[in-house]
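Have a look at the structure below before the remarks.
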There are 2 protein chains.
Amino acid sequence: MSTSAASSPRRLTRKGQETRQRIVGAAADLIFEQGVARTTIEEVRAAAGVSSSQLYHYFDDKPALVRAVIEHQSDVIVGGQETFDLSTLEGIRTWRDWVVQHQRETSCVGGCPIGSLGSELAETDSQGRDQVAAGFKRWEASIRRGLREMHAQGRLSSETDPDALALALLAALQGGLLLTQIERDTTALEAALDAMLDLIARRS
Amino acid sequence: MSTSAASSPRRLTRKGQETRQRIVGAAADLIFEQGVARTTIEEVRAAAGVSSSQLYHYFDDKPALVRAVIEHQSDVIVGGQETFDLSTLEGIRTWRDWVVQHQRETSCVGGCPIGSLGSELAETDSQGRDQVAAGFKRWEASIRRGLREMHAQGRLSSETDPDALALALLAALQGGLLLTQIERDTTALEAALDAMLDLIARRS
DNA sequence: GATAAAATGGATTGCGCAATCCAAACTAGC
DNA sequence: GCTAGTTTGGATTGCGCAATCCATTTTATC
């Protein structure tokens, strides 16, 4: 969690931090549900139960709020990722099952919180894009840690490049989530992850 | 290319068809560059060199125009896809190289024209989402045709399910394109496609 | 408990942009 | 060449929404 950002208030009261967090949380939910462009400041204001001036007290403008949301979602996702151990085939399967199950439980709605943001901002907000890229880097590093461990312990063939595999796994997940979100069906996500699992098994 | 759509004018003059096409092309370019929400009717109007009333003569409203753009992009992509033969490992490698090269040439800007649209519309325009899903289905079918052929001719092991593999390949491509777009670097795309190629080779 | 800073309330402003309207000028088909 | 339908011009409207403003109340610090 990189602090920084919101210019004006340098010292935040405990109460202020709570309010700020409430705004970020509400914004994150709304943006996850309907994207940045279709989420209005008014909606965020109402959902967070704050006044307009409060919102602009904590964030310079809408882009600044979006930046805080990206940071928030990165933290949530990377935090979640680190509860899984990807250094064994069994662990990767457990992770795969969790991801698929989670999509089923949410009716395949929303896709990946970071991926969707990245797609929307990529060509219009370079600062936002950089931030999403940094989030992906952290995520990738987390996956890589597992595969490197697997490789070091000889459970991945020595010719295998664990770093490239980590990137491929993240890509397969992203593509699977996108197709799953659009088709409202986990088939694509399962096919993508199972293909990667099969590859990893064959390289064991 | 499914016709239909724009309510009002049932009979289009040649001139009318040209104008309509010009609008769709301009809209497709702009939307590819900056997304649906950030593309204004005024921009499309100027780029296509038409008047406001012309635009609303051919399309009921902005969502209708977006629908025409989705249709257009689906046609372009599926058309392009069909110039490749995915029934041999060699052919798939050629396709992989083309995709990567294309991203390099465009500086990794824009991502996938359909994927980006799908991501933006998924939760806010169910009609648009359905249309993107249909586009992906066509794309998937095109890939599947190659892999089924490969399977039938014994160049893919009999235990392999070519349909699931086609879906996984499309997902890897989408995820690779998304990461590549955000990181402005083709490494992820290459890792994703190469992983799938390796899997296919190992299943040959 | 005084005072400076921070947090909150809510009305208001101004503009970007989708969409409408009323013509006028073409293009078919008979 | 007449007329019904199609295509085009461009001004205008109206609203959604980001952002500003001026208070008032609360919290920290000494």
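Below, chain A is the first sequence line, B the second, and so on; all start at residue 1. As the structure is a computational prediction, the values presented were derived from the model and not from experiment.
- Across all strands, B/S52 comes closer than 4.0 Å to base atoms (heavy-atom distances).
- The nearest heavy atom of DNA chain D to B/R14 and to A/T39 marks one nucleotide each, and the one closer to the 5' end goes with B/R14.
- For A/I41 and C/dG14, the CD1 to P distance is 20 Å, given to the nearest whole Å.
- Of the side-chain N and O atoms in A/Y58, none sit less than 4.0 angstrom from OP1 or OP2 of C/dA6.
- As a whole-Å value, the separation of B/L65 CG from C/dC17 P is 16 Å.
- Look at CG on A/L55: it is 17 Å from P on D/dC21, rounded to the nearest Å.
- Between the NE2 atom of A/H57 and the P atom of C/dG10 there is a distance of 17 Å, rounded to whole Å.
- Considering only side-chain N and O atoms, A/T19 lies under 4.0 angstrom from the phosphate OP1 or OP2 of C/dT8.
- Residue B/Q54 places no side-chain N or O under 4.0 Å from the OP1 or OP2 atom of D/dT7.
- Without hydrogens or angle criteria, A/T180 side chain to A/D185 main chain gives a donor-acceptor distance under 3.5 Å.
- A donor-acceptor contact shorter than 3.5 Å links the side chain of A/K62 to the backbone of A/V36.
- Here B/S53 lies in heavy-atom contact (under 4.0 Å) with a base.
- B/I23 has its CD1 atom 11 Å from the P atom of D/dG9, to the nearest Å.
- Straight-line distance from the CD atom of B/Q17 to the P atom of C/dT27: 15 Å, rounded to whole Å.
- Of the possible donor and acceptor atoms, one in the side chain of B/T94 sits under 3.5 Å from a partner among the backbone N and O of B/E90.
- Atom CG of B/D61 is separated from atom C1' of C/dC17 by 14 Å (rounded to the nearest Å).
- No more than 12 heavy atoms of other residues, nucleotides or ligands shown are found within 6.0 angstrom of CD on B/Q127.
- Separation of atoms CG (A/L173) and CH2 (A/W139) is listed at 5.0 Å; rounding is to 0.5 Å.
- Among the atoms of the strands shown, only primed sugar atoms or phosphate atoms (P, OP1, OP2) are found under 4.0 Å from some heavy atom of A/T13.
- As a whole-Å value, the separation of A/D60 CG from D/dA18 C1' is 13 Å.
- Distances shown here put every side-chain N or O of A/K15 at or beyond 4.0 Å from the OP1 or OP2 atom of C/dA7.
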